[in-house]
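Structure first, commentary second.
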Amino acid sequence: MIDLHTHSTASDGTLPPAELMGAARDAGLSVVALTDHDTTAGLDEAAVALPTGLSLMRGAEISCTRGGVSLHLLAYLFDPSYQPLIDRLERVVTSRENRAQRMVELLVADGHDVTWEQVRRGAGGTVGRPHVAKALIDAGLVGSIEDAFTPDWVGTRGRYWAAKEEIDVLEAIALVRVAGGVTVFAHPAAASRGRVVGDDVVEEMAAAGLDGLEVDHPDHPEATRAQVRELARGLGLLAAGSSDFHGTNKPAVLGQNTTDPAVLDELVDRASGVEVL
Ligand code: AMP
Ligand code: ZN
Ligand code: FE
Ligand code: FE
């Protein structure tokens, strides 16, 4: 079982990287990728804690944009010391801090009982909207994380939402490639999360060197998976599948969706940044 998309406390997952590796082994995975939002900060801890029989694909999920639409790019096996990529990711992480503070300011201005210190304390690394959502739950303002991702709260373009800096996706693909990595477009058609890009953008990404599309993802209904699989086939892209595990921050379980071993082999063959551990 191969699961190529998970989050730890280095971003908005709830398990620390070491515990995530143990949970991945217990779930019966043979290969797991750690893909925290805009950071590689959890990879060393995961590598040290790697149990026998489990392989680690080092990666990240990069916050990108194209044509005014937000999208997520999974990057694997790139050299995590490649400075131009680190610099770019650090800018995104800094802007995430500023935008989360801005969201708290908007909440406080309306008299809601949340503080930046509380949100920052709840985040072990890259701060994200789930951390703001947790503060809303603690303040008794919403009942669940899901309820916070609505127009009345911090849903995209919602009342207390603020934009973060994102990287043009063609630039991100190019940076990862120069760093020896490979890329997969994460949940390309997860319409439940907001606007998605058209096939024209996927074609541009393929021309820029994109390696694959995440076909099987918890946020893709069956009919969507068939469409995305067909799009991948037409463009000669690999078809991946993953859980996008976030611990208790989301319902998905490890190995809920998986990637074919032949697809993993192809990704590994194409990469030259770092080894699978
Ligand atoms: P951010 O990257 O800070 O804008 O926050 C987006 C993160 O929130 C993503 O990692 C998603 O996994 C998570 N997210 C988005 N929509 C939802 C939702 N409806 N329920 C729970 N988590 C969500
Ligand atoms: Zn997330
Ligand atoms: Fe994502
Ligand atoms: Fe994710």
Side-chain angles (χ1 to χ4, degrees), residues 3-15 17 20 32-42 57 59-65 69-76 89 91-104 106 119-120 122-137 142-158 160-167 183-196 213-214 216-220 240-254 256-257 259:
D3 190 339
L4 296 183
H5 183 170
T6 71
H7 298 268
S8 75
T9 50
S11 63
D12 57 5
T14 57
L15 292 183
L20 176 60
V32 67
L34 179 58
T35 53
D36 276 306
H37 295 287
D38 306 310
T39 185
T40 58
M57 285 272 275
E61 183 176 16
I62 306 178
S63 301
C64 295
T65 183
V69 178
S70 296
L71 61 154
H72 291 175
L73 185 73
L74 292 162
Y76 303 108
L89 292 178
R91 260 174 59 190
V92 174
V93 168
T94 301
S95 113
R96 279 176 162 283
E97 298 271 332
N98 295 336
R99 70 81 100 116
Q101 275 179 284
R102 173 82 191 128
M103 290 193 284
V104 170
L106 292 169
V119 172
R120 184 58 268 181
T126 306
V127 65
R129 276 183 285 168
H131 302 112
V132 180
K134 280 269 176 66
L136 294 176
I137 294 172
V142 299
S144 68
I145 290 191
E146 200 65 34
D147 290 344
F149 276 87
T150 49
D152 287 346
W153 299 101
V154 296
T156 304
R157 281 171 256 282
Y160 302 107
W161 173 84
K164 64 178 181 292
E165 179 173 327
E166 298 167 326
I167 308 176
T183 53
V184 170
F185 184 0
H187 45 77
S192 59
R193 290 161 169 240
R195 287 173 66 199
V196 298
L213 299 181
E214 196 176 48
D216 294 311
H217 182 279
D219 292 348
H220 284 170
S242 314
S243 67
D244 200 358
F245 179 74
H246 278 72
T248 56
N249 274 351
K250 285 185 132 195
V253 297
L254 286 161
Q256 177 164 333
N257 292 120
T259 293

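As the structure lists them, so they are numbered: ligands from 1, and atoms in each ligand from 1.
- Every atom of ligand 1 is numbered from 1 in the order shown, and the set under 4.0 Å from a heavy atom of Gly128 is 3 (O).
- Put simply, part of Lys164 is less than 4.0 Å from ligand 1, judged by heavy atoms.
- Remark: minimum distance from atom 16 (N) of ligand 1 to any protein heavy atom is reached at Phe149 CD2, 3.3 Å.
- The closest non-hydrogen atom to atom 20 (N) of ligand 1, taken over Lys250, His246, Arg96, Glu146, comes from Glu146.
- Side-chain atoms of Asn98 and Lys164 form no donor-acceptor pair, as typed in the model, at a separation below 3.5 Å.
- With 2.8 Å as the limit, Glu61 does not count as an N, O or S neighbour of the Zn ion (ligand 2).
- Between the Tyr76 side chain and the Leu4 main chain, a donor and an acceptor come within less than 3.5 Å of each other.
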side-chain contact (heavy atoms from CB on, under 4.5 Å) assessment of Phe245 paired with Val32: CA-CA 11 Å; Phe245 179 74; Val32 67; over 6 Å; no
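- Of the protein's non-hydrogen atoms, the one nearest atom 7 (C) of ligand 1 is Asp12 OD2, 3.6 Å.
- Within the 3.5 Å criterion, the main-chain N or O of Pro218 finds no donor-acceptor partner in the side chain of His220.
- Protein heavy atom at the shortest distance from atom 21 (C) of ligand 1 is Ile145 CG2, 3.5 Å.
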Chi angles and distances behind the side chain to side chain donor-acceptor pair (under 3.5 Å) call for Ser8, Asp36: CA-CA 6 Å; Ser8 75; Asp36 276 306; 2.6 Å; yes
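- The shortest separation from a heavy atom of His72 to ligand 1 is not under 4.0 Å, leaving the residue out of contact.
- At the top of the distance list for atom 10 (O) of ligand 1, counting protein heavy atoms only, stands His37 NE2, 2.7 Å.
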Audit row: His72, Glu214, side chain to side chain donor-acceptor pair (under 3.5 Å) steps and yes/no: CA-CA 10 Å; His72 291 175; Glu214 196 176 48; over 6 Å; no
Side chain to side chain donor-acceptor pair (under 3.5 Å) between Arg195 and Ser70, intermediate numbers included: CA-CA 8 Å; Arg195 287 173 66 199; Ser70 296; over 6 Å; no
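- With no hydrogens or angles considered, no side-chain donor-acceptor pair links His187 and Asp219 at under 3.5 Å.
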Test side chain to side chain donor-acceptor pair (under 3.5 Å) applied to Asn257 and His217, step by step: CA-CA 6 Å; Asn257 292 120; His217 182 279; over 6 Å; no
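- Residues His131 and Asp12 have side chains that never bring a donor and an acceptor to within less than 3.5 angstrom of each other.
- Counting only distance, with no hydrogens or angles, the side chain of Thr14 and the backbone of Thr248 share a donor-acceptor pair below 3.5 Å.
- For the pair OD1 of Asp12 and NE2 of His246, the angle at the Zn ion (ligand 2) is about 80°; rounding is to 10 degrees.
- Judged by distance alone, with hydrogens and angles left aside, the side-chain atoms of Arg120 form a donor-acceptor pair with the main-chain N or O of Ala123 at under 3.5 Å.
- Of the possible donor and acceptor atoms, none in the side chain of Thr35 sits under 3.5 Å from a partner among the backbone N and O of Ala60.
- His37 contributes atom NE2 as its closest N/O/S atom to the Zn ion (ligand 2).
- At least one heavy atom of Arg99 sits less than 4.0 Å from an atom of ligand 1.
- If you look at Val127 next to ligand 1, there are no close heavy atoms at all, none under 4.0 Å.
- Closest to atom 5 (O) of ligand 1, if we only count protein heavy atoms, is Arg129 NE, 3.5 Å.
- Around the Fe ion (ligand 4), the protein contributes the following N, O or S atoms at distances under 2.8 Å: His5 NE2, His7 NE2, Glu61 OE1, Asp244 OD1.
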